[in-house]
Amino acid sequence: MTPRSVASLEEELRQRARDVRVNEPLWKHVSMRIGGPADLLAIPRNLAELRATAAFLFERGIPFVTLGQGSNILVADAGVRGVVIKIGKGIDRVRFVAAKVVVEAGHGLPHLAQEATRRGLSGLEFAAGIPASVGGAVVMNAGAHGHSMSEIVDRVRVVTPQGEETLSAADLGFAYRTSLLQARPAVLLEVELHLPPAPAEEVRQRMEAWLAQRNATQPIGPPSSGCVFRNPEGDHAGRLIETAGAKGLAVGDAVISEIHANYIVNRDRATAAQVLTLIEQVRERVRRASGRELDLEIKLLGEF
Ligand SMILES: Cc1cc2nc3c(=O)[nH]c(=O)nc-3n(C[C@H](O)[C@H](O)[C@H](O)COP(=O)(O)OP(=O)(O)OC[C@H]3O[C@@H](n4cnc5c(N)ncnc54)[C@H](O)[C@@H]3O)c2cc1C
């Protein structure tokens with residue numbers, strides 16, 4: 001975008017969302033702590049601002065990308081040309097009604113899991129250690145310990161180029177770490193989940209056991225995007241990478257974790273280029289060692 005078109009779009013966006021930043025470094029907004037600037041980053045402060053911003057961009061046919069907690073994203077070193085909308089703080093209201101919860105897309109998934117557990121509602125115990133927004137978790141069909149979001153989603157409210165609509169779980173086409181929301185232009189506003197009541201102590205124990213298991217088997221401290229590759233049919237990407245002897249492999253400050261081989265951690269100042277080179281090296285090693293192809297689970301954002 002030219003400086004002039006950035007300036008005029010900034011002005012129009014500011015009429016919909018008051019926090020609009022020009023040339024904002026995206027590394028600040030993603031868990032991997034890597035990535036160049038977005039021409040424009042809009043951070044709506046409530047659901048009304050998000051609705052207005054997304055509707056405006058769709059109406060004008062201006063392309064944009066949506067960011068939740070940025071925990072499954074590798075942003076290019078050159079950043080993102082055009083508009084990014086970040087959905088988080090302020091878009092996080094939650095209403096518990098009996099065994100249902102209606103929650104806005106920016107609500108933190110671990111916080112929601114803790115709150116449900118405190119109320120003796122089951123179904124979100126698996127999610128307590130996934131650093132996602134509720135919206136990002138639905139789009140990705142995030143999961144762990146044999147469970148995933150698809151089991152508890154009833155319906156979602158989205159903005160699309162055609163306007164607002166409510167989609168049922170069946171419309172969302174959930175499958176392993178994916179949903180149809182990845183394939184169509186839509187901004188997820190709100191989610192309705194069903195969470196069956198269960199003895200609170202039982203739910204809490206299950207959640208804590210899974211959190212402890214996660215802490216023992218996954219790198220918790222250094223910046224990462226969680227699992228980099230999807231598990232291929234009938235196997236685990238981590239196992240294949242470890243068998244290929246790639247644990248500890250590094251390109252610059254991008255390193256295959258010694259704790260969990262499907263994690264790339266940012267040791268200090270890794271770049272997106274280093275992460276991509278490492279990804280290609282790992283793929284090649286796994287191909288040679290086992291003949292399996294690894295596909296990315298993380299999403300690449302921006303100008304690669
Ligand atoms: C330490 C760590 C552990 C992890 N463990 C797990 C795990 O156990 N299981 C698992 O499944 N994942 C795991 N992840 C990956 C990640 O947390 C999930 O993929 C999560 O669902 C991403 O949510 P997010 O809000 O960060 O989305 P983002 O990473 O910001 O975005 C992911 C995708 O969703 C889209 N998106 C986000 N919000 C919206 C919205 N409101 N409307 C439309 N599109 C949207 C984005 O455009 C992007 O395509 C882990 C990540 C880390 C860093």
Side-chain angles (χ1 to χ4, degrees), residues 26 29-35 41 44 47 50-51 53-54 57-58 63-75 80 83-89 91-92 103-113 125-150 153 156-160 167 172 174-191 210-211 213-215 217-231 237-238 257 259-260 262-266 296-302:
L26 286 177
H29 301 277
V30 296
S31 61
M32 194 94 192
R33 298 277 158 198
I34 290 175
L41 177 69
L47 197 64
L50 172 59
R51 278 197 160 102
T53 307
L57 292 166
F58 279 135
F64 65 96
V65 287
T66 314
L67 204 59
Q69 299 264 314
S71 62
N72 198 49
I73 297 234
L74 178 64
V75 179
V80 180
V83 182
V84 177
I85 304 181
K86 179 176 173 176
I87 301 179
K89 206 160 161 248
I91 306 164
D92 51 6
V103 57
E104 291 177 0
H107 198 97
L109 191 64
H111 185 265
L112 188 69
E125 300 90 301
F126 77 87
I130 304 179
S133 66
V134 169
V138 172
V139 171
M140 292 302 303
N141 189 19
H145 313 287
H147 298 277
S148 66
M149 293 304 291
S150 59
V153 173
V156 302
R157 186 90 187 141
V158 292
V159 191
T160 73
L167 302 173
L172 293 174
F174 284 122
Y176 168 64
R177 297 298 169 269
T178 192
S179 72
L180 290 180
L181 292 173
Q182 293 186 20
R184 59 176 288 198
V187 174
L188 205 155
L189 301 173
E190 205 172 55
V191 179
W210 281 340
L211 273 175
Q213 189 184 331
R214 173 181 285 270
N215 289 343
T217 55
Q218 295 177 15
I220 301 302
S224 79
S225 293
C227 287
V228 172
F229 299 102
R230 295 163 61 83
N231 287 327
S257 166
I259 300 168
H260 190 312
N262 198 9
Y263 274 58
I264 291 180
V265 297
N266 176 2
L296 284 184
E297 178 169 319
I298 58 168
K299 305 279 175 203
L300 305 184
L301 197 64

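Numbering of ligands and ligand atoms starts at 1, following listing order.
Closest protein heavy atom to atom 6 (C) of ligand 1: I130 CG2, 3.9 Å. Looking at atom 1 (C) of ligand 1, its nearest protein heavy atom turns out to be S224 OG, 4.0 Å. With hydrogens left out, the protein atom closest to atom 5 (N) of ligand 1 is R214 NH1, 3.3 Å, a heavy atom. Ranking protein heavy atoms by distance to atom 23 (O) of ligand 1, first place goes to A132 CB, 3.3 Å. At the shortest separation from atom 9 (N) of ligand 1 among protein heavy atoms lies G143 O, 2.6 Å. With respect to atom 41 (N) of ligand 1, the closest heavy atom belonging to the protein is L188 O, 3.2 Å. Protein heavy atom at the shortest distance from atom 29 (O) of ligand 1 is N72 N, 2.9 Å. Closest protein heavy atom to atom 44 (N) of ligand 1: V139 CG2, 3.5 Å.
Comparing P222, G135, S148, A186 by heavy-atom distance to atom 43 (C) of ligand 1, the nearest is A186. Relative to atom 15 (C) of ligand 1, the option among A54, S71, G68, G226 with the closest non-hydrogen atom is S71. For the residues S31, G70, G136, the heavy atom positioned nearest atom 28 (P) of ligand 1 is part of G70.
Residue T66 places at least one N or O, backbone or side chain, under 3.5 Å from an N or O of ligand 1. Note: an N/O pair closer than 3.5 Å links R177 and ligand 1 by distance alone.
Heavy atoms from both the backbone and the side chain of Q69 come within less than 4.0 Å of ligand 1. Contacts between Q182 and ligand 1 below 4.0 angstrom, taking non-hydrogen atoms only, are absent altogether. Under 4.0 angstrom from ligand 1, there are no non-hydrogen atoms of C227. When heavy-atom distances to ligand 1 are checked against a 4.0 Å cut-off, I87 comes that close only through its side chain, counted from C-beta outward. Residue contacts with ligand 1, taken as heavy atom pairs separated by less than 4.0 Å, involve S133 via backbone and side-chain atoms alike. Counting heavy atoms under 4.0 Å from ligand 1, residue F126 does not touch it at all.
In this structure the side chain of M149 reaches within 4.5 angstrom of the side chain of L109, judged on heavy atoms. Within the 4.5 Å cutoff, the side chain of L296 has heavy atoms near those of the F229 side chain.
Between W210 and H147, the angle of the ring planes lies from 30° to 60°, which puts this pair in the tilted group.
In this structure, I73 has a heavy atom closer than 4.0 Å to ligand 1. Not a single heavy atom of M32 lies less than 4.0 angstrom from ligand 1.
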